[in-house]
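Computation of the quantities below employed the complete heavy-atom set of this structure, encompassing side-chain atoms and omitting hydrogens, waters and symmetry-equivalent molecules.
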Amino acid sequence: MSEYLYAPVIKEGAIFLADAHENINRDGFLKFLRAVDSGEIKEPPQIFLLGDIFDFLTGEGEYTREFYAEHLSLLNKISQKVEIFYFEGNHDFRLSNLFNKTRDFWDKGERLSFEGVKVYDICTQPVKFRTIGGEHIQIAHGDIFLPFIDKYALRFLRLRWFLKFMNALDKILDFKISKAILAKLTKKNLHYKISNFKELMSKHLQGFDASIVIEGHYHQGELFDIYDRFYINLPCFACEQSYFVVEYAQQKLNLLKMSLKGH
């Protein structure tokens, strides 16, 4: 697996967060961003956002861009000092045009540039990373390895021309489409348990080749060993207001659960 030699390293103190489902009734993620920006939450070296951070956001949707304007502004501002990795989900996609493309910094007298908010669309997931000890990690939102029809139906909905057309129609209708979608999603049940979750993941995890797999999407907040892999499913931030900070013990990665309320 020589491709892991060039994979980014997950740093001590990195933050993981998934499924904030931010909308008019939920502003936990906005509070999180404000706390990072103000220093109430210690500035991490990296932030990993594992999708569905927003209830409905596309890079082509004028209404949703305005609706989440403060979130986007803070993400871009924070990315000037923190590496942010954004894994698109099934509620937030085509986001690259919303974020800073590059930022410059100086290292030993040399100016270097790299992406501010690095966005991974669904086609590029899972994405390879490494621990400081060299363990292989793959990260994804979770809605990958779908049946053929489901996979291509969802990809069609992400096509730029289709989203541009829908935005134009939405604008003609005074953004009634976007408003209706956001209103409907406020009523969605996000807190649920899947009784046979490990069994369901047994087939899903055969598509990975890393020793550690981290996902969101399923809202289960479970971790277990399966097929010689350690699987971590992050809980739904919208339900628990919790995020996770990376700690290394003898170069082994651990995720320390933190509460937004208690920082």
Side-chain angles (χ1 to χ4, degrees), residues 16-34 47-75 84 86-99 117 119-122 125 140-144 146 149-160 162-194 197 215-221 233-243 260:
F16 278 77
L17 186 153
D19 298 284
H21 288 277
E22 202 84 343
N23 63 31
I24 196 169
N25 294 332
R26 288 187 289 267
D27 63 352
F29 183 60
L30 182 58
K31 291 175 180 175
F32 167 81
L33 293 175
R34 288 171 177 167
I47 297 176
F48 290 80
L49 302 175
L50 269 60
D52 287 0
I53 302 303
F54 302 95
D55 241 354
F56 177 50
L57 176 64
T58 79
E60 310 302 331
E62 292 181 49
Y63 182 81
T64 55
R65 290 203 306 264
E66 181 62 29
F67 188 83
Y68 295 115
E70 185 179 356
H71 299 73
L72 299 174
S73 177
L74 282 169
L75 279 167
I84 299 179
Y86 198 120
F87 298 78
E88 292 185 345
N90 47 301
H91 286 254
D92 41 7
F93 43 87
R94 284 287 184 186
L95 303 182
S96 292
N97 63 316
L98 301 182
F99 298 117
V117 179
V119 178
Y120 299 102
D121 69 33
I122 197 67
Q125 300 178 33
H141 170 60
D143 59 338
I144 55 177
L146 297 172
I149 294 176
D150 293 346
K151 179 172 71 175
Y152 284 96
L154 288 173
R155 288 186 182 181
F156 174 81
L157 295 176
R158 291 180 169 98
L159 290 174
R160 190 175 299 278
F162 175 74
L163 292 171
K164 282 184 174 292
F165 167 76
M166 291 304 298
N167 178 65
L169 179 60
D170 197 23
K171 194 172 182 178
I172 291 170
L173 298 174
D174 193 29
F175 300 112
K176 288 181 180 179
I177 298 173
S178 292
K179 291 174 183 177
I181 292 172
L182 285 168
K184 183 176 181 179
L185 289 171
T186 61
K187 302 174 184 177
K188 183 177 180 179
N189 177 31
L190 302 175
H191 188 73
Y192 54 86
K193 275 295 179 184
I194 302 173
F197 183 60
E215 291 187 310
H217 184 59
Y218 299 103
H219 300 192
Q220 296 306 290
N233 179 244
L234 298 179
C236 176
F237 178 88
C239 298
E240 298 192 10
Q241 303 282 286
S242 57
Y243 60 95
L260 177 62

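For Gln125 (side chain) and Tyr120 (main-chain N/O), a donor-acceptor pair under 3.5 Å exists by modelled atom type. The backbone N or O of Glu22 sits less than 3.5 Å from a side-chain atom of Tyr68, completing a donor-acceptor pair. Formation of a donor-acceptor pair under 3.5 Å by the Tyr218 side chain with backbone atoms of Gly142 is found in this model. Judged purely by atom type and a 3.5 angstrom limit, Asp174 has no side-chain atom pairing as donor or acceptor with the backbone of Lys176.
Atom CZ of Phe197 has more than 12 heavy atoms from other residues, nucleotides or ligands within 6.0 Å. Residue-environment remark: NZ (Lys193) exceeds the threshold of 12 foreign heavy atoms within 6.0 Å. Other residues, nucleotides and ligands contribute over 12 non-hydrogen atoms within 6.0 Å of the CG atom of Leu173.
Side-chain contact between Phe29 and Phe54 is present, with at least one heavy-atom pair separated by less than 4.5 Å. Using a 4.5 Å heavy-atom threshold, the side chains of His71 and Leu57 count as separate. Counting only heavy atoms from C-beta outward, the side chains of Phe99 and Val119 approach each other to under 4.5 Å.
Of all heavy-atom pairs between Asn233 and Gly216, the closest is ND2-O, 2.8 Å. Pairing each heavy atom of Tyr63 with each of Leu182, the nearest pair is CE2-CD1, 3.7 Å. The two residues Ile194 and Gln220 come nearest to each other via the heavy atoms N-OE1, 2.8 Å. Taking all atoms of both residues into account, the shortest heavy-atom contact from Ala238 to Leu190 is CB-CD1, 3.8 Å.
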- [ ] Tell me, with the steps shown, if Asn23 and Thr186 meet side chain to side chain donor-acceptor pair (under 3.5 Å).
- [x] CA-CA 7 Å; Asn23 63 31; Thr186 61; 5.4 Å; no
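Considering CG of Leu17 and CZ of Phe48, their distance stands at 12.5 Å, rounded to 0.5 Å. Taking CG from Leu75 and CD from Glu70, the interatomic distance works out to 10.5 Å, rounded to the nearest 0.5 Å. Thr58 contributes atom OG1, which lies 7.5 Å from atom CG of Leu95 (distance to the nearest 0.5 angstrom). With values rounded to the nearest 0.5 angstrom, Asn167 atom CG is found 4.5 Å from Glu62 atom CD. Taking CZ from Phe93 and CG from Leu159, the interatomic distance works out to 10.5 Å, rounded to the nearest 0.5 Å. Annotation: the span from His141 atom NE2 to Asp52 atom CG amounts to 3.5 Å, rounded to 0.5 Å.
Legend: residues meeting side-chain hydrogen bond (donor to acceptor under 3.5 Å, both in side chains) with His219, ordered by chain and number and at least two apart, are Asp19, His21.
With Glu60 as reference, Arg160 is the one residue of Arg65, Arg94, Arg160 to meet the side chain to side chain donor-acceptor pair (under 3.5 Å) rule.
Classification of Lys188 and Asp55 as a salt-bridged pair fails, no side-chain N sitting under 4.0 Å from a carboxylate O.
Under the 30°/60° scheme for interplanar angles, the aromatic rings of Phe237 and Phe32 are found to stand perpendicular.
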